[in-house]
Amino acid sequence: REEIVEHAEWPLIAKGGEYATYYSSLDMRINWGENGRDLKGNKKAVLRNHTHYFKSGITWTEGTTSCFSSRYLPDGSAISGSGQGIYSLSDNTSEVIFGLLGYLNSRLSHVIIESMVSSGDFSRADGVVRHYSTDLIGRVPIPSLETLNKIIEPAKKLHTIQEKISSLLNYQEDDLLIVVGNKDFSISNYCRESWLKIGGMVSEGIMLINQIDKIIESASGFQGDYLDQLSGPLFVEESYCKDLAEIEELLLLSDSELV
């Protein structure tokens, strides 16, 4: 008999989305009133492994034109067919999950996953969309718990950095109303200050990414030169480059253009 546990009536749900590592905001919800009664009673609804819903974990986009990217799935959230998930059976779930998150976003994992998705077993005949199913991700070899423990802290920091960058880039309507009513506030100065903040976080993020890659590559026995040939040298994440480009565009605008 299924244990009935009370959860929010309208919890957030992961539905995939654009390329994003470590963090991505969730903006969709599902009706889970009365322990999901309506969804469970709907024959068209597909609820796989719903007993694991609302635990912290890792999620990613199943079908995308970008490369694989995974992010932290917070407590109280559900997963879907397009936003799939990984959960830990350990009691120390959050710690283990961050170690695994760091590994899945490493360049060694990237090489393994991209080689698998291009192989005959997992290739799909639907154009440029690449599919990262749970079957595929479940076959990725995982390093030892000792190695995962070494990358927990840098992975946590990267999650925090990405969340802060996302907050700075997502200017809310309420904030704009405050700005309009404040004659001493300069939007261009705000953007320049944001740029300085993001620039510092990006620099730290790059060092953390490279730190994780070096730990994993040392533990796995892969030589850096070999991975350099497969995926390029230790690199700046695509998401960070996108953030920098957006801020650079804002810095070129005057206050009147920004308003």
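Predicted model only: the values in this text are computed from it and were never measured.
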Please determine whether residues [X] and [Y] belong to a single hydrophobic cluster, defined as Ile, Leu, Val, Met, Phe, Trp and Tyr linked transitively by side-chain heavy-atom distances below 4.5 Å.
X    : Y    : value
Y23  : Y87  : no
I142 : I113 : yes
V140 : F98  : yes
L101 : I165 : yes
L12  : M28  : yes

#### Entry: Test side chain to side chain contact (heavy atoms under 4.5 Å, CB included) applied to N35 and K40, step by step
CA-CA 9 Å; N35 199 38; K40 292 175 182 177; 3.2 Å; yes

Rounded to the nearest 0.5 Å, what separation is found between the [atom1] atom of [X] and the [atom2] atom of [Y]?
X    : Y    : atom1 : atom2 : answer
S133 : M116 : OG    : CE    : 8.5 Å
L158 : E204 : CG    : CD    : 8.0 Å
I161 : E163 : CD1   : CD    : 11.5 Å
F54  : I79  : CZ    : CD1   : 10.5 Å
I137 : I112 : CD1   : CD1   : 10.5 Å
H110 : D213 : NE2   : CG    : 10.5 Å

### Query
Which class fits the ring pair Y53 and W32: parallel under 30°, tilted 30 to 60°, perpendicular over 60°?
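Geometry flag for W32 against Y53: tilted rings.
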
### Task
Just say parallel, tilted or perpendicular for the rings of H159 and Y72, cut-offs at 30° and 60°.
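Plane angle over 60°, so perpendicular.
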
Between [X] (side chain) and [Y] (backbone), is there a donor-acceptor pair under 3.5 Å?
X    : Y    : result
N105 : S70  : yes
N149 : L145 : yes
Q84  : T134 : yes
S167 : K164 : no
S56  : D75  : no
S77  : P74  : yes
S115 : V111 : yes

Nearest atoms (heavy-atom pairs only) where [X] meets [Y]:
X    : Y    : answer
P11  : G76  : CB-O, 3.5 Å
L39  : N31  : CD1-O, 3.5 Å
S66  : R130 : O-CD, 3.7 Å
L26  : A14  : CD2-CA, 3.9 Å
L104 : F68  : O-CE2, 3.9 Å
L136 : V117 : CD1-CA, 3.7 Å

### Query
With a 3.5 Å cut-off and no angle check, do the side chains of S144 and T147 form a donor-acceptor pair?
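Note: S144 and T147 side chains meet the donor-acceptor criterion.
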
### Query
Would L73 and I86 count as a side chain to side chain contact (heavy atoms under 4.5 Å, CB included) if you check the C-alpha gap in whole Å, the side-chain angles of each, and the deciding distance to 0.1 Å?
CA-CA 9 Å; L73 181 70; I86 294 175; over 6 Å; no

### Message
Under the side-chain hydrogen bond (donor to acceptor under 3.5 Å, both in side chains) test against R71, which residue among T59, T21, T61 passes?
### Response
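Exactly one option meets the side-chain hydrogen bond (donor to acceptor under 3.5 Å, both in side chains) with R71, and it is T61.
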
### Task
Report the C-alpha separation of E217 and R107 in whole Å, then their side-chain angles, then the decisive distance to 0.1 Å, and conclude whether the side chain to side chain contact (heavy atoms under 4.5 Å, CB included) test is met.
CA-CA 9 Å; E217 290 162 22; R107 68 171 183 163; 2.6 Å; yes

### Message
Could you go through S88 and L100, starting from their C-alpha distance and side-chain angles, then the distance that decides it, and tell me whether this counts as side chain to side chain contact (heavy atoms under 4.5 Å, CB included)?
### Response
CA-CA 9 Å; S88 170; L100 184 57; over 6 Å; no

### Query
Would one find more than 12 heavy atoms of other residues, nucleotides or ligands at under 6.0 Å from atom NZ of K157?
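Open: at most 12 neighbouring heavy atoms sit under 6.0 Å from NZ of K157.
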
### Message
Side chains of Y132 and E114, heavy atoms from C-beta outward: is any pair under 4.5 Å?
### Response
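They are in contact (side-chain heavy atoms under 4.5 Å apart), so the answer is yes.
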
### Heavy-atom side-chain proximity of T64 to Y19 below 4.5 angstrom
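Of all side-chain heavy-atom pairs linking Y19 with T64, none is under 4.5 Å.
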
